[in-house]
J.: 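Before anything else, here's the structure in question.
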Number of protein chains: 2
Amino acid sequence: MSTPASLPSRTGSRPGGRSARIRAAVHRAVGELLAEQGGEPLTIPVVAAHAGVHATTVYRRWGSVGELFTDVATSRFSGDIVVPDTGSLRGDLERYASDLARDLTDPDTLPLVRATIGAAGEQGASACTAERQQQLRAMLERDQARGHHTPTVEHATDALLAPLYYRAVFTDQPLTPDWTRTLVTHLLPD
Amino acid sequence: MSTPASLPSRTGSRPGGRSARIRAAVHRAVGELLAEQGGEPLTIPVVAAHAGVHATTVYRRWGSVGELFTDVATSRFSGDIVVPDTGSLRGDLERYASDLARDLTDPDTLPLVRATIGAAGEQGASACTAERQQQLRAMLERDQARGHHTPTVEHATDALLAPLYYRAVFTDQPLTPDWTRTLVTHLLPD
DNA sequence: CCAGTATCGCACTGATCACTGCGTTTCAGA
DNA sequence: TCTGAAACGCAGTGATCAGTGCGATACTGG
């Protein structure tokens with residue numbers, strides 16, 4: 001675990017270069033392998049072979065499965081959900097909770113979250129939720145700027161993010177739209 | 001942690017036999033190794049060596065790290081928290097949430113939860129929360145039997161279990177007593 | 001006390017993994 | 001176009017892992 005290995009190259013490269021293509025292939029391989037066989041622990045040679053890339057490359061760019069999963073999770077969970085702007089906090093939260101629920105229900109998502117948590121601990125867990133926390137904060141602050149009485153980020157996290165992630169990760173119950181709406185209703189009773 | 005009380009069992013007894021002793025040693029080894037080195041993934045030979053047991057034994061009894069972790073989590077999270085009986089639902093829940101928060105804050109607990117989720121997927125996650133769900137249900141049903149207007153198990157799970165586990169697993173924020181009391185207050189506003 | 005059985009330790013084997021030089025290819029900027 | 005630097009492919013090494021017979025040991029019920 002030496003190189004954090006963020007984006008390809010120091011000066012940056014074009015989105016069609018070889019480095020970016022390899023990165024995408026490895027990311028896709030992680031997702032696919034995690035989705036199909038969630039039992040056995042994934043190793044770097046297996047991922048590399050499935051991506052059509054040499055294991056050496058993966059070792060050098062990511063170093064360990066934990067850092068690889070963290071990188072995959074970070075890019076997988078960034079930019080995939082847009083903060084809605086419906087005009088009301090309730091509308092924003094209902095829409096956002098629904099989007100997040102659909103995202104977590106994706107068959108590829110859940111294994112990635114679990115594997116990242118297991119392989120990268122707190123850092124991996126943070127990679128799965130950091131952007132959500134920020135997006136939730138953005139919606140709340142925008143509502144507060146309108147002069148409304150807005151719940152705290154802490155309370156909204158407990159009432160929305162926590163149930164969504166808990167139900168997805170720890171249970172086998174479905175994340176239905178009715179249920180997500182109920183979560184928002186409990187947070188905003190008026 | 002379920003520690004066998006001091007019992008001068010000589011020979012041919014259930015809780016002091018060789019099989020049980022090995023099981024306890026392996027369980028303790030998993031906990032210790034998970035607590036100290038959370039980075040690298042744990043393997044069966046490493047666990048066996050640290051437990052003073054041959055790897056063959058671990059392979060034969062558990063088969064894989066996933067099943068081993070699930071077994072450790074199941075026994076670790078069973079019987080460690082007693083359902084309180086304070087006379088009121090609020091008192092029960094406050095006490096229970098506080099106990100659960102203290103349990104999740106234990107330095108040995110969190111790595112075990114994360115590793116179990118990562119290595120055993122849904123089955124592992126269930127091993128970490130199954131008993132909690134049952135205990136919560138017991139408190140709610142007891143209150144309902146008193147003729148009170150009681151929140152549903154689903155709602156209580158979203159409002160209590162979910163925030164506790166989410167904060168512990170996904171964030172680095174502390175699970176303070178004040179915060180756990182707030183969770184109960186939001187669930188029972190009256 | 002004595003069989004019968006289950007469990008464990010031991011010594012292996014094949015397979016896989018993590019990791020490393022070295023030559024080649026690709027890319028960015030002059 | 002050219003040049004230096006970064007990234008990649010390749011081959012190979014030592015270490016570790018998963019899994020398997022076989023003999024030895026500890027538990028079970030009679």
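Throughout, protein chains are lettered first and strands after them, A, B, ... in sequence-line order, and every chain is numbered starting at 1.
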J.: Hey, can you tell me if Tyr165(A) and Tyr166(B) have their rings parallel, tilted or perpendicular (30° and 60° cut-offs)?
T.: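 Ring orientation of Tyr165(A) relative to Tyr166(B): tilted.
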J.: Does a side-chain N or O of Tyr59(B) approach OP1 or OP2 of dA18(D) to a distance below 4.0 Å, or not?
T.: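 Yes, such a contact exists.
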J.: Identify which nucleotide among dA18(D), dC8(D), dA11(C) has an atom closest to any side-chain atom of Pro45(B), counting heavy atoms from C-beta outward.
T.: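 From the listed options, dA18(D) comes nearest.
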J.: Starting from the C-alpha separation in whole Å, work towards a yes-or-no answer on salt bridge (Lys or Arg N to Asp or Glu O under 4.0 Å) for Arg28(B) and Asp108(B).
T.: CA-CA 10 Å; Arg28(B) 187 175 339 119; Asp108(B) 299 356; over 6 Å; no
J.: Using whole Å, what does the distance between atom P of nucleotide dA7(D) and atom CH2 of Trp62(A) come to?
T.: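 Computing the Trp62(A):CH2 to dA7(D):P distance gives 12 Å.
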J.: Looking at Thr57(B), I'd like to know whether one of its side-chain N or O atoms comes within less than 4.0 Å of OP1 or OP2 on dT7(C).
T.: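 Checking dT7(C) against Thr57(B), no side-chain N or O comes under 4.0 Å of OP1 or OP2.
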J.: Could you tell me the separation between the CD1 atom of Ile44(A) and the P atom of dA18(C), rounded to a whole number of Å?
T.: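 Going from Ile44(A) (CD1) to dA18(C) (P), I get 6 Å.
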J.: With a 4.0 Å cut-off on heavy atoms, is Arg61(B) in touch with a base, just the backbone sugar-phosphate, or nothing at all?
T.: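 Result for Arg61(B) = sugar-phosphate.
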J.: Could you tell me whether Thr43(B) contacts a base, only the sugar-phosphate backbone, or nothing, with contacts defined as non-hydrogen atoms closer than 4.0 Å?
T.: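 Here Thr43(B) touches the backbone only, sparing every base.
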J.: For Arg146(B), does the CZ atom have more than 12 heavy-atom neighbours from other residues, nucleotides or ligands under 6.0 Å away?
T.: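 Atom CZ in Arg146(B) is packed in, count exceeds 12.
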J.: Which nucleotide, dA18(C), dC8(C), dA11(C), lies nearest any side-chain atom of Arg60(B)?
T.: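 Between dA18(C), dC8(C), dA11(C), the one nearest the side chain of Arg60(B) would be dC8(C).
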J.: Which residue, Val53(A) or Ser19(B), contacts DNA chain D at a nucleotide closer to its 5' end, judged by nearest heavy atom?
T.: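 Nearest nucleotide further toward 5': that of Val53(A).
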J.: Should the heavy atoms of other residues, nucleotides or ligands under 6.0 Å from CD of Gln123(B) be counted, would the total exceed 12?
T.: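 Counting neighbours around CD of Gln123(B), 12 or fewer heavy atoms of other residues, nucleotides or ligands fall under 6.0 Å, so no.
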J.: Rounding to a whole Å, what distance do you find between Arg21(B):CZ and dA6(C):C1'?
T.: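 Between C1' of dA6(C) and CZ of Arg21(B): 16 Å.
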J.: From the set dG9(D), dA18(C), dC8(C), return the single nucleotide nearest to any side-chain atom of Ile22(B).
T.: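 Of all the options, the side chain of Ile22(B) is nearest to dC8(C).
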J.: Return the value, rounded to whole Å, for the distance between atom CD of Glu40(B) and atom C1' of dA15(D).
T.: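 In whole Å, dA15(D) C1' and Glu40(B) CD are 15 Å from each other.
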